[in-house]
Amino acid sequence: MRLAAVCALLALSTGTAHADVSTPRRIGAVAAAIFPGVLLRGTGSYLVGEKRTAKRLAILGYSGLASMALGGGSIINSGASEYTVPAIPFVILGMGAFIPTWFADIAVAAGVSPGQGTPRAAPPWSMELGTVWLHDPFRARGLVNGELQVELDRVGFGVATLIDTEGDQNTEELDARYRLLGPAPTAQVVEDGSRLHVAVAGRRHRDAVDDVTLLTAELELRGRYDLANLDGVLDGQFIDMSVGIGLERAEYPRDQTNLSSVLLAGFGYGWYVGRGSEVEVVYEHRRDSITGGIAAGRAAGFVGSVGLRALARISQNWAVRGAVEVGNAWVTTFGIRYEGGPR
Amino acid sequence: MKCAPLILALAACTRPAEDRAPKELDVGAADLRDATVSVVDGLAAIHQLGDRTLVLRANAPALDIDIDLQATAAGVWTITTKNVLVDSVLYVDGTPTPRTPVEGASPTHAVFEIGLGEGHHDLRLAPPDADTLASFQFAAMADIQTAMPEVDQVFRAISATPGPRFVVFMGDITQRAEVEEYDLFDRQLDYLNLPMFTTLGNHELWAEPERYFDRYGRASFQFRFKGAAFTFADSGDAGLDPIVEGWLDDWLVGAKDELNIFLTHIPPLDPVGVRYGAFRSARDGHRLVSRLVENQVDLALYGHIHTYEPYDNGGVPSVISGGGGADPMKLDGIDRHFLVVTLDPAAGVVSDVTVRRVEE
């Protein structure tokens, strides 16, 4: 009953890209896109007549599933041997293809119109000030975050800080990135928001209550793929993926330290909204963030965090950003951003 | 994928053990209309309290038991204690009481028939040397799960090893926490001639936790033996609940100047960091390691990862030993195994940690 209501709501509340599809058929397509579409990728698209889209979503989705199976199979078969750990990113990135194509198929079945939103290139520079509410089993903290991003054509730099208003924790972060692919930082609306960056970052995190200081160095590949490149019907939707590795030094009481590695991997599925705004659901596999991993019952310890992020442009130069992430903690972020530089 | 809704639902809960931890406080206490029994610190599960009958399963080498009786409950009591050291003696109000011979009984089961009058009685069940500061050995293992039908081979190997006084178990007895699995485990324990003191693992949480608590006792507890403190913590949800951490803070601080052994199922940090076979929050993992460092823990023992891996964690000697037989890790050359640990509390050192492989 609830599924039917959701399907009807989805079908009735979205655009009319394919007005020749009747509402009952669209409701049925949304329902089929949810199930069995969760396994039979492209079901929803097929039922509303978008057979080419269905085929392409199936190819991308099942490529992801194959990556998950190969990676996951080798890990499980070896009993999580350290020699098969390099297969973990294949599992996460495979999920990054398999799950978003499910969402995209539901969107097509619901009749989301092409071109509802357009991407925008990064601005030459931006500043953000915001608040973060952290609630985890041990901590309820109000934090202030600030960041500055500067783009010099292909090279970008960022500096960010996250400070506890009561002084219990503070984080400072520096990062530099090189744009391998994607639009130049003009802040202009662009046809294709796809991009690929390689980034290095360094972070210092101090938690006074825990008496732990963490120093992290990271190398990461971050990419976005506009699904319009897969099929025009998917215009306005995108997939984000990232993968990388980090080295972490922990400092404890009694001058003790520990050196460890950190796997960076995640994915997201989002929509462009209007001219440069966007909303995205994300999965982050890393556990060293303040969010940590979900207490997922039998799967606890193996699952990272999920989140919903949104960037809303309120004028040419101003935007607001919000995010809710759920893992070991609830982390809620609200920030206001100024984007500057010549346009 | 069918787990996705469950995972999202559970995401709303950041303290999955919030209700579980307080239930531990019920362990080791029982009463009748005219009799009250309380095992100090909940170090035993009371399986039965009836008409002048008490059956309990120890989860520590030494138990202190308070019994309060009204006149109607006075008389000759039969006290059956499971999972005790083979040389345990029952002291009733300070007076040693001989075991009642039971033909064919496991050496870890002891039966005592004692006369108890109206009023309060202090019982202590412990081997005579329990408080003597001297070197001793214990065995350690974890992660039986699907290997339950063959775990008797591991138990026989431990029993054939001279030296260990008891076994500590770092969780994941079962695969699915089913009653039949626990029943089989209890039968397999007949092949072990030492008591086994255990905490739970994530697989014990596939059913309601009372199923574990009622049989084996608390998952988070501390006992002392011959000058060494053993502190167990429930990390079955890949983290500690703040309630458990509160207990842990007190226990670890109290044992700071003793030989300090810490045991839990899931390692706070995976030595192969990118694998994430550890706490769900790395920051909470570091928080625990910081506590272990601060309180000078001498040895940390973990399970969960089905291999043998000794490593240094912030200066705390740590060992992962998940060799009970559950889906052994490949490419590590270890397979089924257990540890034999030698402690010298008088010198305040862990003298030796040896891994013993168990062949078919």
Side-chain angles (χ1 to χ4, degrees), chain A residues 38-39 76-86 88 98-99 102 135-138 205 207 209-212 214 245-246 248 250 252-258 260-263 285-306 326-330, chain B residues 1-4 6-8 10-18 202-203 205-206 236-242 245 266 269-287 289-294 296 304-307 312-316 327-332:
Chain A
V38 62
L39 298 173
I76 291 169
N77 186 51
S78 73
S81 163
E82 61 191 273
Y83 299 109
T84 58
V85 161
I88 296 175
F98 188 65
I99 295 174
W102 182 38
H135 180 86
D136 74 14
F138 295 98
H205 172 83
D207 192 307
V209 177
D210 295 353
D211 203 359
V212 174
L214 301 174
I245 192 158
E248 180 182 80
Y252 302 120
R254 307 173 66 85
D255 295 325
Q256 294 293 337
T257 62
N258 193 59
S260 187
S261 54
V262 179
L263 174 66
H285 193 63
R286 66 188 306 170
R287 313 297 155 73
D288 63 325
S289 67
I290 58 174
T291 314
I294 292 172
R298 298 169 187 180
F302 299 104
V303 182
S305 61
V306 293
V326 187
N328 180 59
W330 280 85
Chain B
M1 285 306 300
K2 68 180 181 181
C3 295
L6 176 67
I7 289 170
L8 290 173
L10 288 166
C13 172
T14 59
R15 283 187 63 185
E18 185 176 14
N202 52 313
H203 283 264
L205 300 179
W206 286 43
D237 296 297
L240 300 182
D241 188 82
E245 192 187 88
I266 298 184
L269 301 170
D270 190 333
V272 181
V274 295
R275 181 169 52 197
Y276 291 133
F279 277 18
R280 60 183 190 266
S281 162
R283 298 208 163 155
D284 286 352
H286 286 295
R287 176 188 177 94
V289 173
S290 175
R291 298 289 192 277
L292 302 184
V293 171
E294 178 66 31
Q296 302 176 48
H304 191 57
I305 303 173
H306 302 168
T307 188
D312 178 285
N313 205 177
V316 177
D327 298 330
M329 182 182 286
K330 297 183 177 69
L331 311 174
D332 62 353

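Below, each value reflects all heavy atoms present in this structure, side chains not excepted, and no hydrogens, waters or symmetry copies. Reminder, nothing fancy here: chain letters follow the sequence lines and each chain counts from 1.
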Handout entry: Gap separating the OH atom of A:Tyr252 from the CG atom of B:Leu292, nearest 0.5 angstrom
Key = 9.5 Å
Problem - A:Val85, part contacting chain B, at a heavy-atom distance under 4.5 Å - result: side chain
Problem - Contacting region of B:Asn313 [heavy-atom separation from chain A under 4.5 Å] - result: both
Problem - Straight-line distance of B:Arg280 CZ to A:Thr291 OG1, nearest 0.5 Å - result: 13.0 Å
Practice task
Measure B:Leu269 against the heavy atoms of chain A and call it side chain, backbone, both or neither at under 4.5 Å.
Solution key: side chain
Problem - Rounded distance [0.5 Å steps], CZ in A:Phe138 versus CD in B:Glu245 - result: 4.0 Å
Exercise for the section: List the atom of B:Thr14, the atom of A:Trp330, and the distance in Å for their closest heavy-atom pair. Expected result: CG2-CD1, 3.7 Å
Exercise for the section: Could you tell me which portion of A:Ser81 (side chain, backbone, both or neither) has an atom closer than 4.5 angstrom to a non-hydrogen atom of chain B? Expected result: both
Problem - Within-4.5 Å side-chain heavy-atom neighbours: B:Ser290 and A:Asp210 - result: no
Problem - Toward chain B, the part of A:Ser260 with a non-hydrogen atom under 4.5 Å - result: side chain
Exercise for the section: Return the option, out of B:Asp241, B:Asp284, B:Asp332, B:Thr307, with the maximum number of heavy-atom pairs under 4.5 Å with chain A. Expected result: B:Asp284
Exercise for the section: Could you pull out all residues at least two apart from B:Glu294 that satisfy side chain to side chain donor-acceptor pair (under 3.5 Å)? Expected result: none
Exercise for the section: Give the member of B:His306, B:Met329, B:Arg291 that has the highest number of heavy-atom pairs under 4.5 Å with chain A. Expected result: B:Met329
Problem - Aromatic ring proximity A:Phe302/B:His304, centre distance under 6.0 Å - result: yes
Handout entry: Residue among A:Ser289, A:Pro137, A:Gly292, A:Gly246 with most heavy-atom pairs under 4.5 Å to chain B
Key = A:Pro137
Practice task
Write down the atom of B:Val272, the atom of A:Ser261, and the distance for their closest heavy-atom approach.
Solution key: C-OG, 4.4 Å
Practice task
Apply side-chain contact (heavy atoms from CB on, under 4.5 Å) to A:Thr84 and B:Lys330, showing your working.
Solution key: CA-CA 10 Å; A:Thr84 58; B:Lys330 297 183 177 69; over 6 Å; no
Completion exercise
When the 4.5 angstrom heavy-atom criterion is applied to B:His286 and chain A, the contacting part is both
Exercise for the section: Hey, can you tell me if A:His285 and B:Tyr276 have their rings parallel, tilted or perpendicular (30° and 60° cut-offs)? Expected result: perpendicular
Fill in the blank from the handout: Heaviest contributor of heavy-atom pairs below 4.5 Å to chain B, chosen from A:Asp288, A:Asp136, A:Thr257, is A:Asp288
Practice task
Can you tell which part of A:Ile290 gets under 4.5 Å to a heavy atom of chain B, answering side chain, backbone, both or neither?
Solution key: both
Problem - Contacting region of A:Ala80 [heavy-atom separation from chain B under 4.5 Å] - result: both
Handout entry: 4.5 Å side-chain heavy-atom contact, B:Val289 and A:Asn258
Key = no
Handout entry: Contact summary for A:Pro253 and B:Val293, nearest pair of heavy atoms
Key = O-CG1, 3.2 Å
Practice task
Could you look at B:Glu18 and say if it's the side chain, the backbone, both or neither that has a heavy atom under 4.5 Å from chain A?
Solution key: neither
Fill in the blank from the handout: Sequence neighbours excluded, the answer for ring-ring contact (aromatic ring centres under 6.0 Å, His included) partners of A:His205 is none
Handout entry: Sub-4.5 Å side-chain heavy-atom contact between B:Val316 and A:Gln256
Key = no
Problem - Per-residue contact mode, A:Asn77 against chain B (heavy atom under 4.5 angstrom) - result: both
Handout entry: Worked verdict on B:Val274 versus A:Glu82 for side-chain contact (heavy atoms from CB on, under 4.5 Å)
Key = CA-CA 9 Å; B:Val274 295; A:Glu82 61 191 273; over 6 Å; no
